[in-house]
2 protein chains.
Amino acid sequence: MVKITDVAAHAGVSPSTVSYALSGKRPISAETRQRIERSIRELGYTPHAGARSLASSRAQVLALVLPLRKGIHVPVVMQFATSVVTAARAHDHDVLLLTQSEGEEGLLRVARSAMADAFVLMDVELEDRRLPLLRSLDRPSVLIGFPADPTGLTCIDLDFHRAGEACVEHLAELGHRRVALVGSPPEVYARDTGFARRVADGFREAADRAGLPSSVWPCADTSVAARALAERLVREQPDLTGIVVHNEPIVQPLIEALVAQGLRVPQDVSVTAICPDEIAEQAPIPVTSVSIPSAEVGAGAVELLMAKLRGQAVPESTLLPVRLTARASTAPPPTARPAHG
Amino acid sequence: MVKITDVAAHAGVSPSTVSYALSGKRPISAETRQRIERSIRELGYTPHAGARSLASSRAQVLALVLPLRKGIHVPVVMQFATSVVTAARAHDHDVLLLTQSEGEEGLLRVARSAMADAFVLMDVELEDRRLPLLRSLDRPSVLIGFPADPTGLTCIDLDFHRAGEACVEHLAELGHRRVALVGSPPEVYARDTGFARRVADGFREAADRAGLPSSVWPCADTSVAARALAERLVREQPDLTGIVVHNEPIVQPLIEALVAQGLRVPQDVSVTAICPDEIAEQAPIPVTSVSIPSAEVGAGAVELLMAKLRGQAVPESTLLPVRLTARASTAPPPTARPAHG
DNA sequence: ACGGCTCGTCGAAGCGCTTCGACGGCGAAG
DNA sequence: CTTCGCCGTCGAAGCGCTTCGACGAGCCGT
């Protein structure tokens, strides 16, 4: 294993000079630097991470805590994780993977062992048990999602409240008179996960503001559940013409179930979703949607963390703006359109 | 940050004694050990990972290289990743997350920096460009999946060849006379990923052995593609009664498409799948399937790696036995049954 | 009763790196 | 032409841990 003294000898300088050339913390003449870089390349040198961490007390590692529970949409988590890795690498950091099951001890262990310099946490609950620990830790962290009280923390997420609003507003503008939210699985609400509730709040507020009767229907993420809910909606709310879906896996099954009920989309019922663009686009009827930009959230989280590691102040909360893309699944409701034939 | 000298002072022993008590590499009297453990608990001591890695040249970290490409079923990858983390933690190791995009340099960097002691690689291609590097590395690795030439490597996977066979054999036993394999997306075959081809080989061989005409149909992982394929199968192979699906996301869409074509499952056509149990179970018609035990594969990979780290010899290839679970989607074909009415 | 064990513990060296203070040498300022 | 200061480089200390050799104390056998 080639080490810094080997590089130094090869380049005819002292180890400290190599170190400064690498870190840029002191000026090095262009000529010397080039000689060092050449030696590094020729010898195939990579600094020993442990030694570096020991001497500098910076491991150049972020810990990513992934949720692995039911009711979350896995591809979104995955996309998020990869964007975190990519963004971290762009800042010359690596990513340590932790799972929720490690719990608070896991965070504490990683922090104390100095394995990671900072934390990214997903799937934050409104009253998350890890929050006090995070606040007391000497290492910065960023939460994906918002707890009930974000004081003293740094949080980032899509503006789900606005996402709920935006969908309703879109439907209201088209002239719809009654809207329903098909939401996340019941266990997600039961867990007090912030984003599900925020969508529902935004949805309701916008509906109230627009004077539209509205209702919220949690739904399991299976096509069976989607079909059952579709039947129920048709039966109980015959005047329903606008649906907002916030439950990735059933966007399409729900539409198919509505069609199976004899409702045409968008002629009889309009559907908008809050979901990743891929899901909205690849559906047989492309769905009007507010996209969930997981990659942007991941990259944003890493940027915030890097700023904190540099000692910069960052906002406590960052809400990514929503973007609604109108596609084929929404149109004015039947009654608002001129009658044909 | 509390360090080993603090613990030593608190327990009234020398730092080396604490170290030996922790590692068990030298005998320590029960009394002393208890005193040390108590001090560790009271002071909240966790060894500094960098220092430990530097002194012992063991980082207690595994690197996990995740694929992030199209055509793979994300939930399976995720489940796999979590099982690796869990198994690693059981051996007091952590997991560093790398993405395919880092490529060979990523592996090299992590190996040279001594960040990780060993590697787990997923989504191995038949002619994977990383193989020479892996063979030359001084750090052990385990591949999930098999390249064309596994010599000098350690590989583990479900026995996909047998999985393909098992599905055909099940159908043959029921009396089916023609079978088709609905496979992975074309890009997966194009990439020469081993497991897709192995399923197809097993499928074909078993069909030939049983004297059944057979055909293989790659299929994109969208319900649109599934529907199109169902129509084509009905049109081009009217005598087809047995289908094997090896493409998680479309198991259910395909069945629905068949039903939409007027075929009853399993009365008119039997369907078996190679997919995780959850997918097979939660379908409206539970699907006879060979399960993909991602958690077992992940745990197995870690066990192999730990053995290699201990210097033990391990088999070059480990094939997990297949288990076919008969569910509601398979039955004897129409012609093989006594005619009703 | 004494050499030779093993058992339990200690001290010191050193892993590879960063970083601090020091120090020549050279340009600018007086 | 001298003096100050800065630039570029070096040497040494030390980060927290593991591990090797050493060593005293007790035990065995004879």
Side-chain angles (χ1 to χ4, degrees), chain A residues 1-37 39-40 43-61 92 109-117 138 309, chain B residues 1-37 39-40 43-61 92 109-117 138 309:
Chain A
M1 203 98 298
V2 27
K3 44 198 176 196
I4 201 170
T5 51
D6 300 333
V7 175
H10 187 272
V13 296
S14 80
S16 52
T17 303
V18 176
S19 177
Y20 285 124
L22 245 35
S23 70
K25 293 192 178 173
R26 285 202 183 170
I28 299 289
S29 70
E31 190 220 347
T32 306
R33 178 195 271 76
Q34 280 164 20
R35 210 144 27 88
I36 291 174
E37 282 167 1
S39 299
I40 288 178
L43 300 180
Y45 168 68
T46 307
H48 187 291
R52 184 190 281 238
S53 146
L54 180 56
S56 69
S57 51
R58 301 281 266 87
Q60 312 263 85
V61 169
D92 208 37
R109 181 178 60 82
V110 170
R112 281 198 187 144
S113 70
M115 288 198 100
D117 304 319
D138 57 337
L309 283 172
Chain B
M1 204 97 298
V2 28
K3 45 196 174 198
I4 201 170
T5 52
D6 300 334
V7 174
H10 188 270
V13 296
S14 80
S16 50
T17 303
V18 176
S19 178
Y20 286 123
L22 244 37
S23 69
K25 294 192 176 172
R26 284 202 185 173
I28 298 289
S29 71
E31 190 219 348
T32 307
R33 182 204 271 36
Q34 279 165 21
R35 210 145 27 88
I36 291 174
E37 281 167 2
S39 299
I40 289 178
L43 300 179
Y45 168 68
T46 307
H48 187 291
R52 183 189 282 235
S53 146
L54 180 57
S56 70
S57 50
R58 301 280 267 88
Q60 311 264 85
V61 169
D92 209 37
R109 181 178 60 83
V110 170
R112 281 197 187 146
S113 70
M115 287 197 102
D117 304 318
D138 57 337
L309 284 172

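Just so you know, these numbers come straight off a predicted model, no measurement behind them. Reckoned from all heavy atoms, side chains included, excluding hydrogens, waters and symmetry mates. Numbered from 1 within each chain, the chains take letters A, B, ... in sequence-line order.
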Would you compute the distance between atom OG1 of A:T17 and atom CD1 of A:I4 and round it to the nearest 0.5 angstrom? 9.5 Å
Shortest non-hydrogen separation from B:V2 to B:L43 and the atoms involved: CG1-O, 3.4 Å
Rounded to the nearest 0.5 Å, how far does CE of A:M115 lie from OG of A:S53? 9.0 Å
Locate the shortest heavy-atom distance separating A:A59 from A:A114; write the atom from each residue and the value. CB-O, 3.5 Å
Shortest non-hydrogen contact from A:Q60 to A:R52? NE2-NH1, 3.7 Å
Which pair of heavy atoms, one from A:L22 and one from A:P47, lies closest together, and at what distance? CD2-CG, 4.3 Å
Atom OG1 of A:T5 and atom NE2 of A:H10: how far apart are they, to the nearest 0.5 Å? 13.0 Å
Would you mind reading off the bend of the helix from C:dA1-D:dT30 to C:dG30-D:dC1 from its two end axes, five pairs each, to 10 degrees? 30°
Tightest non-hydrogen contact, residues A:Y45 and A:K3, listed as CE1-C, 3.6 Å
With a 3.5 Å distance limit and no angle check, can you tell me whether B:S19 reaches the backbone of B:P15 through a side-chain donor-acceptor pair? no
Return a single string for nucleotides 15-24 of chain C, one symbol per nucleotide in 5' to 3' order, where B is base contact, S is sugar-phosphate-only contact and - is none, cutoff 4.0 angstrom on heavy atoms. BBBBBBBB--
Which parts of residues 27-37 of chain A get close to DNA chain D, meaning a heavy atom less than 4.0 angstrom away? A:P27, A:I28, A:S29, A:T32
Might you point out which heavy atoms bring A:A51 and B:L54 nearest each other, and give the distance in Å? CB-CD1, 3.7 Å
